[in-house]
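One structure below.
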Amino acid sequence: MADFVASCRRHGIRPGLYASVGCNAYLGVDGNKLVGPHDPERWRAYVDMVKRQLRELWTHYGELFEIWFDGGNLPAEQGGEEISELLLELQPNAVVFQGDPERMQTVRWIGNERAVAPYPCWSTTHLGTSSDGVNEAQGERYSGCAAGRYWCPGEADMPNRDQEKAYQGGWFWQPGEDHHLYPPQELLERYYQSVGRNCNFLLGMAIDDRGLVPEADSAQMRRLSELIKDQFSRPRGRTDGSGLVFDIPNPERKTVDMVCLMEEIRHGERIQRFTVSGIDGETQVPLVSGTCVGHRFLERFPACSYPGFRLTVEEAGSTPALREFSLWQTS
């Protein structure tokens with residue numbers, strides 16, 4: 001942990017920690033319960049051990065950016081309440097994934113491990129995530145809702161190796177499986193389906209038996225980075241501001257095939273329904289319509305060229321504060 005955190009800080013990366021409190025093969029615990037007969041004393045000893053372990057991890061390495069409870073925190077009556085109190089005491093500023101669904105969660109699972117977020121996917125919700133993260137799920141817990149009570153954005157996770165073919169669903173490394181890496185072009189699609197739908201994209205990368213990122217995985221990540229940068233290398237116009245109508249002129253009739261929308265997220269999610277259209281004189285041709293924008297909305301459409309383009313906000317909870325309305329040629 002000390003080496004990991006030091007390396008993160010050296011490279012300007014905010015460190016996060018993934019820890020399972022409900023599974024421990026060495027101590028015979030699986031799915032938040034003992035394997036075999038339940039023994040209250042043995043369970044109490046297990047919870048005490050988990051709390052000692054977490055106290056060490058949450059105190060000796062400085063402030064952590066994210067705490068990920070794999071499979072969720074323990075149920076409150078089985079020690080989870082004590083763990084939540086420890087987290088509030090030691091790492092009160094951490095982003096929490098799959099913590100206590102009622103009060104200790106600041107980012108939520110989007111219902112699958114394929115990094116395919118639902119749309120709309122609001123950052124606000126009336127409910128946290130209570131799923132164990134194993135089985136796919138749908139509904140408001142995973143898509144959020146407009147004007148929800150809690151600010152709890154979606155996090156879309158997936159491994160970088162084929163979930164159907166690779167060892168342990170692609171989350172763990174095994175020799176001879178480089179051919180199971182997802183093609184970078186496929187990961188680019190997941191980028192659009194996660195980041196482009198107002199989510200954080202968490203892409204798992206298995207560490208090999210040297211304690212290093214495998215060369216094939218590094219090459220995959222570099223290529224994905226190149227593909228994403230290429231998508232945003234041909235800008236065709238940009239604007240921002242407050243209001244309900246935003247125009248981007250296109251006097252040279254350049255071709256566009258992708259729109260990027262971003263709200264000033266510190267003001268919340270105000271846009272609730274919108275349309276992006278091509279403008280030619282008095283004619284408006286709808287190209288993209290949607291509801292949730294949030295931090296970022298990305299959508300590709302058939303390549304076209306108009307003298308201008310317009311974003312019209314048709315429904316909003318308050319005056320929209322737009323960080324960016326931009327158009328791009330991706331191909």
Side-chain angles (χ1 to χ4, degrees), residues 66 68-72 95-99 101-102 105-160 162-164 169-171 182 185-204 224 228 231 258-263 265 268-276 286-301 311 313-317 320 323-324:
E66 181 169 359
W68 177 309
F69 287 98
D70 179 38
V95 171
V96 181
F97 184 81
Q98 287 196 329
E102 299 303 322
Q105 186 161 248
T106 49
V107 63
R108 72 178 191 275
W109 190 48
I110 50 82
N112 63 72
E113 291 187 338
R114 297 179 291 112
V116 178
Y119 187 81
C121 191
W122 306 94
S123 295
T124 52
T125 178
H126 290 303
L127 304 164
T129 302
S130 60
S131 170
D132 60 8
V134 176
N135 299 307
E136 292 203 15
Q138 297 177 339
E140 186 184 315
R141 286 191 183 276
Y142 309 97
S143 62
C145 62
R149 180 180 180 185
Y150 303 110
W151 184 262
C152 192
E155 184 161 272
D157 62 316
M158 67 173 291
N160 70 331
D162 193 313
Q163 290 155 294
E164 300 296 326
W171 290 108
Y182 283 117
Q185 189 67 42
E186 184 168 346
L187 295 181
L188 177 65
E189 296 304 310
R190 309 296 178 89
Y191 175 88
Y192 273 102
Q193 294 168 329
S194 56
V195 174
R197 295 178 183 175
N198 190 36
C199 283
N200 179 54
F201 182 24
L202 194 153
L203 183 57
L224 174 60
I228 293 172
Q231 298 291 287
M258 191 259 281
V259 61
C260 171
L261 302 177
M262 300 179 71
E263 293 189 74
I265 207 65
E269 294 172 338
R270 297 181 172 185
I271 297 173
Q272 295 178 359
R273 188 164 58 90
F274 67 88
T275 299
V276 176
L287 302 173
V288 171
S289 61
T291 53
C292 176
V293 172
H295 172 66
R296 177 168 287 183
F297 170 88
L298 300 173
E299 186 69 42
R300 291 163 294 180
F301 49 86
L311 165 64
V313 179
E314 292 134 353
E315 188 176 337
R323 179 179 173 185
E324 180 176 323

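Below, all heavy atoms of this structure are taken into account, side chains as well, without hydrogens, waters or symmetry copies. Numbering of residues begins at 1 and proceeds along the displayed sequence.
I271 and E263 get closest at one heavy-atom pair: N-OE1, 3.2 Å.
For the atom pair CZ of R197 and OG of S143, the computed distance is 12.5 Å after rounding to the nearest 0.5 Å. Rounding to the nearest 0.5 Å gives a distance of 5.5 Å between CD of Q272 and CH2 of W122. A distance of 13.0 Å separates CZ of R149 from OG1 of T124, quoted to the nearest 0.5 Å. The distance from the OG atom of S194 to the CZ atom of R114 is 12.0 Å, given to the nearest 0.5 Å. Going from atom CG of N200 over to atom CD1 of I110 covers 11.0 Å, rounded to the nearest 0.5 Å. Between atom CD of residue E324 and atom CE of residue M262 there is a gap of 6.0 Å, rounded to the nearest 0.5 Å.
One side chain, Y192 or Q231, offers a donor N or O that lies under 3.5 Å from an acceptor on the other.
In this structure, R190 is positioned above the aromatic face of Y182, its NZ or CZ under 6.0 Å from the six-membered ring centre and within 45° of the axis.
C199 places none of its side-chain heavy atoms less than 4.5 Å from the side chain of F201. Proximity of I228 to L188: side-chain heavy atoms (C-beta onward) are separated by under 4.5 Å at one or more points.
The aromatic rings of W68 and F97 are tilted relative to each other, their planes meeting at an angle between 30° and 60°. Aromatic ring pairs are classed by plane angle as parallel below 30°, tilted from 30° to 60° and perpendicular above 60°; the pair F274 and F297 is perpendicular.
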